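Input: a single structure, listed below in structure tokens.
Every heavy atom of this structure was used, including side-chain atoms; hydrogens, water molecules and symmetry mates were not. Just so we're clear, the structure is a prediction, and the values are computed from it rather than from any experiment.
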Amino acid sequence: MDAPKTVYAFEKHLDGWLRSLSGPSPTGFDKWSPHRIAQFTTLLALLIAALIFWPNNFFEPNLIHITFAMGSLGIWRFGWWFTHAVRAEIFARSRFPKMRARANAVWQAGWRPPHLHIQMTTYFEEAAITRRVIGSILGQIRREGIPTTLWIGTGSSYDEEIITDFVRTHGADVDAEIVFLRQNQLGKRMAIGMILRAINRAGVGPDDLVIFMDGDAVYGIDVLEKTCSMFGADTDLQALTTNEEVICYGPQWIQNWLSMRFAQRRLAMQSHAMSDKVLTLTGRMSVFRARYIIDEKFIRTIEADHLDHWL
């Protein structure tokens with residue numbers, strides 16, 4: 001889907017897309033429309049036909065050992081995904097509703113984190129997107145009444161001016177402070193490390209909450225309630241990551257591919273959560289208990305993270 005040409009049309013279309021994602025996830029025939037069922041059936045029929053009628057040499061005597069080796073690896077790999085799928089369903093249907101109920105009860109009883117720190121990095125982001133991101137944050141802070149500091153890492157005055165103008169217009173009544181940190185070293189990891197060091201110098205409390213997020217991540221209508229309350233219900237909880245949806249302006253196949261990748265991520269994260277841990281906390285939107293991330297070793301790990309590979 002191509003983005004509308006004018007700023008007004010773009011913002012209006014983006015708002016409509018966000019509203020469509022604010023409700024519960026579709027299920028049943030709302031999710032599996034007749035068109036999608038027909039697509040899936042056609043693809044499955046073509047694959048079966050190719051397997052039966054397309055000449056292949058998978059079972060030739062001099063190649064059959066490769067077939068069995070690759071087949072065994074495939075069964076092992078997709079067997080793990082089947083295991084993840086089962087565990088994810090157990091988590092979603094049995095375990096998580098109980099966790100959600102406890103967190104809701106704590107929140108309704110009046111628990112709030114002492115202070116919320118939101119660290120965000122942005123670099124020459126589309127102005128309409130930046131306004132929607134900051135607007136979603138301010139709306140959530142206003143709704144929940146949590147004292148908040150926004151720590152925004154930028155690379156130039158471009159993003160700073162957009163955010164400042166928006167906050168002056170729409171955020172005068174919000175209990176929040178915005179701190180800009182102009183990045184002086186290359187790389188997103190260094191920007192995050194710079195922000196964490198600034199948070200540390202500001203005297204963060206051990207039970208404050210710190211949100212890691214990207215400059216193009218828009219909050220859902222009750223994301224602070226749903227995420228922060230989990231820390232009130234579980235004093236041992238160190239961090240959590242969130243369920244996310246994709247908004248992509250561009251070819252439809254890219255939107256579909258990204259939606260599939262996010263669905264795979266959701267499945268894996270729910271499976272890992274059955275063991276009370278996850279392997280990856282995404283920078284798009286994750287929440288940490290402050291005491292675990294203000295440590296110098298943690299900050300240095302973030303800053304020094306890199307991949308050294310010939311590719």
Test L150 against T148 for side-chain contact (heavy atoms from CB on, under 4.5 Å), laying out the working first. CA-CA 7 Å; L150 277 74; T148 303; 3.8 Å; yes
What's the verdict on side-chain contact (heavy atoms from CB on, under 4.5 Å) for M213 and S286, showing C-alpha distance, side-chain angles and the deciding distance? CA-CA 7 Å; M213 62 175 291; S286 294; over 6 Å; no
Side chain to side chain donor-acceptor pair (under 3.5 Å) evaluation trace for Q264 with R261: CA-CA 5 Å; Q264 287 181 317; R261 293 295 299 161; 2.7 Å; yes
Stepwise side-chain contact (heavy atoms from CB on, under 4.5 Å) check, I195 with M120: CA-CA 9 Å; I195 294 173; M120 183 181 84; over 6 Å; no
Could you walk me through whether F288 and I211 pass the side-chain contact (heavy atoms from CB on, under 4.5 Å) check? CA-CA 6 Å; F288 296 77; I211 293 177; over 6 Å; no
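With a 4.5 Å cut-off on side-chain heavy atoms, V287 and V210 do not count as touching. I163 places a side-chain heavy atom less than 4.5 Å from the side chain of I152. Residues L116 and L224 are in side-chain contact: their nearest non-hydrogen atoms beyond the backbone lie under 4.5 Å apart. Taking 4.5 Å as the limit, every side-chain heavy atom of T67 sits out of range of all side-chain heavy atoms of E60. By the 4.5 Å heavy-atom criterion applied to side chains, P113 and I146 are counted as neighbours. The shortest side-chain heavy-atom distance between R132 and I134 does not fall under the 4.5 Å cut-off. Contact of the R265 side chain with the T241 side chain is registered, since non-hydrogen atoms from C-beta on lie closer than 4.5 Å. By the 4.5 Å heavy-atom criterion applied to side chains, D234 and M99 are not counted as neighbours.
In plain terms, the two heavy atoms of M230 and L240 that are nearest each other are CB-CD2, 3.7 Å. Across all non-hydrogen atoms, the minimal contact from W107 to S229 is CE3-CB, 3.5 Å. Contact between L196 and F212 at its shortest, heavy atoms only, is CD2-CZ, 3.7 Å. Scanning both residues, D208 and P114, for their nearest heavy atoms gives OD1-CB, 3.4 Å. Residue G215 comes nearest to V133 through the heavy atom pair O-CG2, 3.4 Å, listed as atom of the first residue, atom of the second, then distance. Shown here for A290 and V204, the closest heavy-atom pair between the two residues is CB-CG2, 3.6 Å.
Counting heavy-atom neighbours within 6.0 Å of W257 CH2, excluding the residue itself, gives a total of 12 or less. Atom CZ of F180 has more than 12 heavy atoms from other residues, nucleotides or ligands within 6.0 Å. The neighbour count for M260 CE, taken as heavy atoms of other residues, nucleotides or ligands under 6.0 Å away, is above 12. For R36, the CZ atom is loosely surrounded, since the number of other residues' heavy atoms within 6.0 Å does not exceed 12.
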Without placing hydrogens or testing angles, list every side-chain donor-acceptor pair under 3.5 Å for residues 245-252, not counting sequence neighbours.
residue : atom : partner : partner atom : Å
Y249    : OH   : H13     : ND1          : 2.9
Q252    : NE2  : N256    : OD1          : 3.0

What side-chain donor-acceptor pairs closer than 3.5 Å can you find for residues 78-85, not counting sequence neighbours?
residue : atom : partner : partner atom : Å
T83     : OG1  : G79     : O            : 3.0
H84     : ND1  : S271    : OG           : 2.7

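No donor-acceptor pair closer than 3.5 Å links the side chain of T154 to the backbone N or O of E160. A donor-acceptor pair under 3.5 Å is absent between the side-chain atoms of D214 and the main chain of D216, judged by distance alone. Checking side-chain atoms of R143 against main-chain N and O of I221 turns up a donor-acceptor pair under 3.5 Å. Side chain of N200 to backbone of R197: no donor-acceptor contact under 3.5 angstrom is found. Side-chain atoms of R131 do not come within 3.5 Å of backbone N or O of E11 as any donor-acceptor pair. Of the possible donor and acceptor atoms, none in the side chain of T41 sits under 3.5 Å from a partner among the backbone N and O of A38.
Under 3.5 Å, the side chains of R87 and S275 contain a donor-acceptor pair of N or O atoms. Side-chain atoms of H115 and T149 form a donor-acceptor pair, as typed in the model, at a separation below 3.5 Å. S136 and Q140 are not linked by any side-chain donor-acceptor pair at a separation below 3.5 angstrom, with hydrogens and angles left out of the test.
Residues satisfying the side-chain contact (heavy atoms from CB on, under 4.5 Å) criterion with P97, sequence neighbours excluded, are absent altogether. Under the rule for a side-chain contact (heavy atoms from CB on, under 4.5 Å), the partners of N243 that lie at least two apart in sequence or sit in another chain are R266. The side-chain contact (heavy atoms from CB on, under 4.5 Å) search around T6 returns Y8, A9, not counting sequence neighbours. In terms of the side-chain contact (heavy atoms from CB on, under 4.5 Å) criterion, residue partners of Q108 (sequence neighbours excluded) are, by chain and number, E225. Under the ring-ring contact (aromatic ring centres under 6.0 Å, His included) criterion, Y219 pairs with no residue, sequence neighbours left out. Remark: F96 engages F91 in a ring-ring contact (aromatic ring centres under 6.0 Å, His included) (not counting sequence neighbours).
Two rings, from F298 and Y292, have their centers 6.0 Å or more apart.
Tracing side-chain contacts under 4.5 Å through hydrophobic residues (I, L, V, M, F, W, Y), one reaches F53 starting from I48; they form part of the same cluster. Both I52 and L44 belong to a single network of hydrophobic side chains, linked directly or stepwise wherever heavy atoms of I, L, V, M, F, W or Y lie under 4.5 Å apart. Follow the hydrophobic side-chain contacts under 4.5 Å out from F68 and you never reach I75; the two are in separate clusters. In terms of hydrophobic clustering, with Ile, Leu, Val, Met, Phe, Trp and Tyr side chains grouped at heavy-atom distances under 4.5 Å, F262 and M269 are assigned to different clusters.
Applying the salt bridge (charged side-chain N to carboxylate O under 4.0 Å, His left out) test to residues at least two apart or on different chains, the pairs with a partner in residues 278-290 are D207-R289, E244-R284. For residues 267-280, the set of pairs meeting the salt bridge (charged side-chain N to carboxylate O under 4.0 Å, His left out) definition, not counting sequence neighbours, comprises R95-D276. Listed by first and then second residue, the salt bridge (charged side-chain N to carboxylate O under 4.0 Å, His left out) pairs involving residues 105-129 amount to none (not counting sequence neighbours).
Ring planes of W32 and F40: perpendicular class, angle over 60° (limits at 30 and 60°).
Using a 4.5 Å cut-off between side-chain heavy atoms of Ile, Leu, Val, Met, Phe, Trp and Tyr, Y123 falls into a hydrophobic cluster with F124, Y158, I162.
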